[in-house]
Amino acid sequence: MARVKSAGPPVDGRSTRWAQHRERRRAEFVDAAMRAVEQHGPDVLTEQIAAAAGVPRPKLYRYFDGKADLHRAVAERAVELFDAELEPLWHAGLPPVELVRGVVGRSLDWIGEHANLYRYLQRDVGSTGVYAKGRSALRSQVINVVTAYRDAIGAPAYRTDALAVGLVGLVEATVDQWLADPSGLSGDELTEELVRWIWAILSDLAQRHGVRIDPEQVVIAGSQ
């Protein structure tokens with residue numbers, strides 16, 4: 001009987017175990033880095049991250065290709081957590097205004113609980129893309145809201161793309177200002193203000209396309 005040839009080179013068990021160990025340790029160090037950011041703020045030092053991880057700084061960099069790689073991994077993990085917090089809203093069948101309130105409210109809750117981490121994401125750390133990832137986290141959720149209503153009312157993309165960007169700017173600038181100076185405004189109060197502003201704009205968009213949006217109904221009804 002002819003011997004069946006292997007489809008590829010043999011797998012090195014030691015290499016596989018090392019790769020798995022490396023990924024596990026990277027994840028542990030990323031979690032430690034996030035704790036350090038929360039404790040020390042967005043200007044956290046690598047030494048503080050290493051201390052939170054319980055390892056010397058040189059050992060930390062055995063698992064990352066330098067400081068930029070570490071920052072990028074922290075940003076990616078933070079964005080994953082942020083997106084996971086809002087993901088259930090897109091499958092909950094919420095009435096239109098409640099969807100807006102849910103996205104805004106949960107975003108502000110997460111940002112309020114992780115203010116230092118959010119500020120860390122907003123910083124441009126060299127060429128790591130941390131700033132872009134931080135901005136994209138909140139931006140993608142706002143754009144998702146606009147896209148949902150654009151599809152529902154049949155508005156063309158070229159009409160809503162600029163609107164989405166404008167709403168992103170509105171939300172980001174308002175949140176940044178609130179973090180810098182709340183002026184006695186609670187997160188719930190800010191949520192309601194943003195919901196009113198966003199809803200007014202979305203309602204106007206729908207009306208200009210002959211569609212009436214009932215804020216309390218899941219189904220968007222056509223105009224009479």
Side-chain angles (χ1 to χ4, degrees), residues 42 75 78-92 94-125 129-218 220:
V79 171
E80 286 177 4
L81 293 174
F82 179 81
D83 288 344
E85 183 72 20
L86 275 69
E87 177 64 23
L89 293 172
W90 303 107
H91 311 287
L94 294 172
V97 76
E98 290 304 318
L99 177 60
V100 174
R101 180 174 287 109
V103 169
V104 173
R106 288 202 184 184
S107 295
L108 287 180
D109 286 345
W110 191 92
I111 291 169
E113 292 173 6
H114 306 282
N116 279 337
L117 188 57
Y118 178 76
R119 292 187 180 100
Y120 176 86
L121 291 175
Q122 304 303 86
R123 302 177 69 86
D124 188 1
V125 185
V130 170
Y131 179 86
K133 291 181 187 298
R135 285 297 189 199
S136 68
L138 184 55
R139 175 177 294 138
S140 65
Q141 299 298 337
V142 176
I143 290 176
N144 283 344
V145 170
V146 176
T147 301
Y149 291 111
R150 180 195 71 197
D151 294 343
I153 68 178
Y158 73 87
R159 288 283 182 88
T160 56
D161 286 349
L163 171 61
V165 172
L167 283 177
V168 166
L170 169 67
V171 174
E172 287 180 343
T174 302
V175 170
D176 288 348
Q177 174 61 30
W178 176 66
L179 286 174
D181 180 19
S183 298
L185 193 66
S186 70
D188 288 343
E189 290 171 331
L190 180 61
T191 294
E192 290 306 313
E193 289 296 325
L194 283 169
V195 169
R196 279 193 288 270
W197 300 342
I198 293 171
W199 186 248
I201 294 171
L202 292 177
S203 296
D204 177 72
L205 174 69
Q207 290 173 14
R208 287 188 289 113
H209 287 83
V211 177
R212 178 179 60 83
I213 299 179
D214 186 338
E216 303 303 331
Q217 297 296 322
V218 175
I220 297 177

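If you read the sequence from its start, that first residue is 1, and numbering goes on from there.
- The minimum heavy-atom distance between Pro88 and Ala84, with the atom names listed, is CD-O, 3.4 Å.
- In this structure, Glu85 CD and Ile111 CD1 are separated by 11.0 Å, a value rounded to the nearest 0.5 Å.
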So Leu81 and Leu117, side chain to side chain contact (heavy atoms under 4.5 Å, CB included) or not? Walk me through it.
-> CA-CA 11 Å; Leu81 293 174; Leu117 188 57; 5.8 Å; no

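- Under the rule for a ring pair (Phe, Tyr, Trp, His ring centres under 6.0 Å), the partners of Trp110 that lie at least two apart in sequence or sit in another chain are Phe82, His114.
- When all heavy atoms of Pro42 and Asn116 are compared, the closest pair comes out as CD-OD1, 3.8 Å.
- Taking the side chain as every heavy atom from C-beta outward, Leu89 and Leu86 approach each other to under 4.5 Å.
- Rounding to the nearest 0.5 Å places CG of Asp188 at 12.0 Å from CD of Glu193.
- The residue from Arg106, Arg196, Glu192 that alone fulfils the side chain to side chain contact (heavy atoms under 4.5 Å, CB included) condition with Arg101 is Glu192.
- A heavy-atom distance below 4.5 Å is not found between the side chains of Val175 and Glu172.
- In this model, a donor atom of one side chain and an acceptor atom of the other lie less than 3.5 Å apart for Asp181 and Ser183.
- Across all non-hydrogen atoms, the minimal contact from Ala78 to Leu121 is CB-CD1, 3.9 Å.
- Shown here are the side chain to side chain donor-acceptor pair (under 3.5 Å) partners of Glu80, two or more places apart in sequence or in another chain: Arg77.
- When side chains are defined from C-beta on, Leu108 counts as touching Leu194, because their heavy atoms get closer than 4.5 Å.
- Looking at Leu167 and Leu170, their side chains come closer than 4.5 Å, going by heavy atoms from C-beta outward.
- Between Leu99 and Pro95 there is no side-chain heavy-atom pair separated by less than 4.5 Å.
- At least one donor-acceptor pair closer than 3.5 Å links the side chain of Trp178 to the backbone N or O of Leu185.
- Inter-residue side-chain proximity for Leu94 and Val100 is flagged as unmet; no heavy-atom pair is nearer than 4.5 Å.
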